[in-house]
Protein chains: 2
Amino acid sequence: MVTIYDIAKRANVSPMTVSRVINKSPLIKESTRLKVEEVIRELDYVPNKQARSLTSKETRLVALVIPDISNPFFTNIARGAEDKALQLGYHLILGNTDENPDKESQYIGMLMSAGVDGVLLVPSGEASASHVKKLVKRSIPFVYVDRIIPQVPADSISGDNLQTTRQLVQHLIALGHRKIAFINGPSSLSNVQERDQAFRETLQLAGIEPNPAYMVETHFKQDNFDEIIAKLVSLQQGERPTAILAANNFIGVNTLRALRTLQIRVPEEMAVTCFDDPDIIPDYNPFLTVAKQPAYDMGFLGMQLLIERIQSGAPASTRKIVLPSELIVRSSTGKPQE
Amino acid sequence: MVTIYDIAKRANVSPMTVSRVINKSPLIKESTRLKVEEVIRELDYVPNKQARSLTSKETRLVALVIPDISNPFFTNIARGAEDKALQLGYHLILGNTDENPDKESQYIGMLMSAGVDGVLLVPSGEASASHVKKLVKRSIPFVYVDRIIPQVPADSISGDNLQTTRQLVQHLIALGHRKIAFINGPSSLSNVQERDQAFRETLQLAGIEPNPAYMVETHFKQDNFDEIIAKLVSLQQGERPTAILAANNFIGVNTLRALRTLQIRVPEEMAVTCFDDPDIIPDYNPFLTVAKQPAYDMGFLGMQLLIERIQSGAPASTRKIVLPSELIVRSSTGKPQE
DNA sequence: CTGTTAGCGCCTTCAG
DNA sequence: CTGAAGGCGCTAACAG
């Protein structure tokens, strides 16, 4: 392994001078800088981050921990986060937790051990509180994305769950639906709670009493949707919902699938809509009406918040950014007036 | 920051003993081990990877560098790679290059600097040769996934491009197509070259002479597909292809999209098929006929190759694993006999 | 502008 | 089974 000592010897300077060149110190004579740089190139020297961060206490490594790498919503967050990080001279470690708190805990542990300067986190549930507290204790800055752990306050960036839910529900109501089922995620998640509340409120404001039989709690990345949907549509005559709101794209797509299996036509017999586009290429399969959250921006701005906090160190009051969604009306809810 | 010295003091042992406990040395008395472990828990001690790897020369960090994090094919590779890595006690850093050799070069640099023990790489083209050589020079083990750089030999795992292409082309021929266009990726990629050759050979074996006008070279994650498709379908009467083979899911989906814009019906007027499923949820949108490469397995087995090489150190001869694909016939190519 | 000294947190090596 | 000494590669903090 080539070290600054090797460079120093070859260039007839002290190791410290080499260090200064690497770190772009301005107090280096142009000529010696050029010489050192040449030797660095010759020997293919790469600085050792471990050694560096041992003294400097910073790695310029940040992490993004997401619950589902196969979901375009989260990969879009990743793209945004990465772009911003690179732009500010940081590198990104991506961790995938599968919505599993144990895996999340493992990851956080390794990230601390690897010495990341900060973490962008989409927590997988209440159980995340304990690892998040560890970050606090070690004063490693972190920012919540999409969801928060209220017990442990920190900067956050998320979609506007209230407005988005309202938008979606009102769209359905405007189409004449009054029996609207809501297949939501696990109630331990902050965004799930917000969506649940917004759903109820919007219905009530429209004079519709929420029907407990229409409120289903499930998971964001796996479940037996055939069963869930079968149960919903088998409600006695006149009770069967005419529309389903799915709390994320994964649930939305699986709902469509289950309805197809049951040979229930969408949107004629059942309207379907959900949060977030299921496809990478948004208009490849323009069928599902969705409320699209600005995932890329969430990653991008979240990373900005994080790095600001890393660099200032000054713990100002926690900031909370909420971004609006865009309703994209397509065929799965039928066209209102046409 | 809590160090082994803090633990040592609290537990009335030497730092060295603490180190031994952390590293599960068997020559530690049960009682002192328990005591040390207790203090570790009390103080929430986390070992400092930087310091550790400074002496031990290993980080138990491996990297996966992929060209497109929004493509399900690659995220499936990532899932497989991560599962295997975790199972063997390694952690994964994920890097996204956007098929951009500069970004790839940057990433490789930072990975070397971060001291990863090995790299799983989907190279973005010939230009990758230079960074890959740096890995060789520093003797950091790496394994190619999906594509290789022939100039720099190393273990590799990929799909069977010949068999897969043949399968797809023969499927089209069996349906009666003889004018088959092939929209392939950039010719600097090894898998693109293999597919190109297999395409020509399969046609020739069937007595069809490849038509240069039908061979299009484009990119795997961006291009003006409307233009490409428009050009293909505007070929003079009798020359217009009746089927399009797309070299990956991204091209496949964009082909469908462009055909829709041009109001050309699939499969009636144009059959379409491609490599790899475009959706996360395979049967959400069961339309495209595809040859599905075992992406998850490629990641999983690739990681296994990599870690074997890291641990043995012994550079045996390079291994090359080739995995078969599965042809999934759906509606975009019409149903053969029904 | 450049060099020297010391130490980051841990582990290897060699003594007990 | 446990401890002491030294060093991994780099950079602060002082000298010059």
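Protein chains get the first letters and strands the later ones, always in sequence-line order, with residue 1 at the start of each.
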Novice: Can you name the closest pair of heavy atoms from P47(B) and I22(B) and give their distance?
Specialist: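 It is CG-CG2, 4.3 Å.
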Novice: Run through E99(B), K103(B), H131(B), E104(B) and flag the one making a side chain to side chain donor-acceptor pair (under 3.5 Å) with S124(B).
Specialist: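 When E99(B), K103(B), H131(B), E104(B) are each tested with S124(B), the side chain to side chain donor-acceptor pair (under 3.5 Å) holds only for E104(B).
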Novice: How many Å lie between CZ on R60(A) and P on dT11(D), as a whole number?
Specialist: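 About 13 Å, once rounded to whole Å.
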Novice: Contact between V152(B) and F142(B) at the side-chain level, heavy atoms closer than 4.5 Å - yes or no?
Specialist: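 A side-chain contact under 4.5 Å exists here.
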Novice: When the distance from CZ of R52(B) to P of dG9(C) is rounded to whole Å, what number comes out?
Specialist: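 Value for this atom pair: 14 Å.
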Novice: Charged N to carboxylate O under 4.0 angstrom, R79(A) versus D98(B)?
Specialist: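 Counted as a salt bridge, because a side-chain N and a carboxylate O are separated by less than 4.0 Å.
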Novice: From C-beta outward on K57(B), which listed nucleotide comes closest to its side chain: dG3(C), dG9(D), dG9(C)?
Specialist: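 When the side chain of K57(B) is considered, dG9(D) is the closest of dG3(C), dG9(D), dG9(C).
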Novice: Does K35(A) come within less than 4.0 Å of E38(A), counting only side-chain N to carboxylate O?
Specialist: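 Judged by the 4.0 Å cut-off on N to carboxylate O distance, K35(A) and E38(A) do not form a salt bridge.
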Novice: What integer distance in Å separates M1(A):CE from dG9(D):P?
Specialist: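 In whole Å, dG9(D) P and M1(A) CE are 7 Å from each other.
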Novice: List the atom of I149(B), the atom of P123(B), and the distance in Å for their closest heavy-atom pair.
Specialist: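 Heavy atoms of I149(B) and P123(B) come nearest at CD1-CB, 3.7 Å.
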Novice: Would you give the length of the straight line joining atom NZ of K320(B) to atom CG of D155(B), rounded to the nearest 0.5 angstrom?
Specialist: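 Rounded to the nearest 0.5 Å, the NZ-CG separation comes to 11.5 Å.
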Novice: Nearest to the side chain of N48(A), which nucleotide is it out of dG3(C), dC10(C), dC10(D)?
Specialist: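 Side chain of N48(A) sits closest to dC10(D).
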Novice: At 4.0 Å (heavy atoms only), tell me whether P15(A) reaches a base, stays on the sugar-phosphate, or touches nothing.
Specialist: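 It contacts nothing in the nucleic acid.
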Novice: Could you tell me the separation between the CE atom of M112(A) and the C1' atom of dG9(C), rounded to a whole number of Å?
Specialist: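 For the pair M112(A) CE and dG9(C) C1', the rounded distance is 16 Å.
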Novice: State which residue, out of V145(B), T97(B), L94(B), L120(B), fulfils the side-chain contact (heavy atoms from CB on, under 4.5 Å) condition with I66(B).
Specialist: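 That would be L94(B).
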Novice: Could you check which residues of residues 16-37 of chain A get a heavy atom under 4.0 Å from DNA chain C? Sort them by number, please.
Specialist: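 Heavy-atom contacts with DNA chain C come from M16(A), T17(A), R20(A), L27(A), I28(A), K29(A), T32(A).
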Novice: Look at the side-chain N and O atoms of T55(B) and state whether any lies under 4.0 Å from the OP1 or OP2 oxygen of dC8(D).
Specialist: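 T55(B) to dC8(D) OP1/OP2: no side-chain N or O under 4.0 Å.
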Novice: Could you identify which residues of residues 2-11 of chain B place a heavy atom less than 4.0 Å from some atom of DNA chain C, listed by residue number, or say none?
Specialist: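 Those residues are T3(B), I4(B), Y5(B).
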Novice: Classify the angle between the aromatic ring planes of Y296(B) and F300(B) as parallel (below 30°), tilted (30 to 60°) or perpendicular (above 60°).
Specialist: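 Parallel: the ring planes of Y296(B) and F300(B) meet at under 30°.
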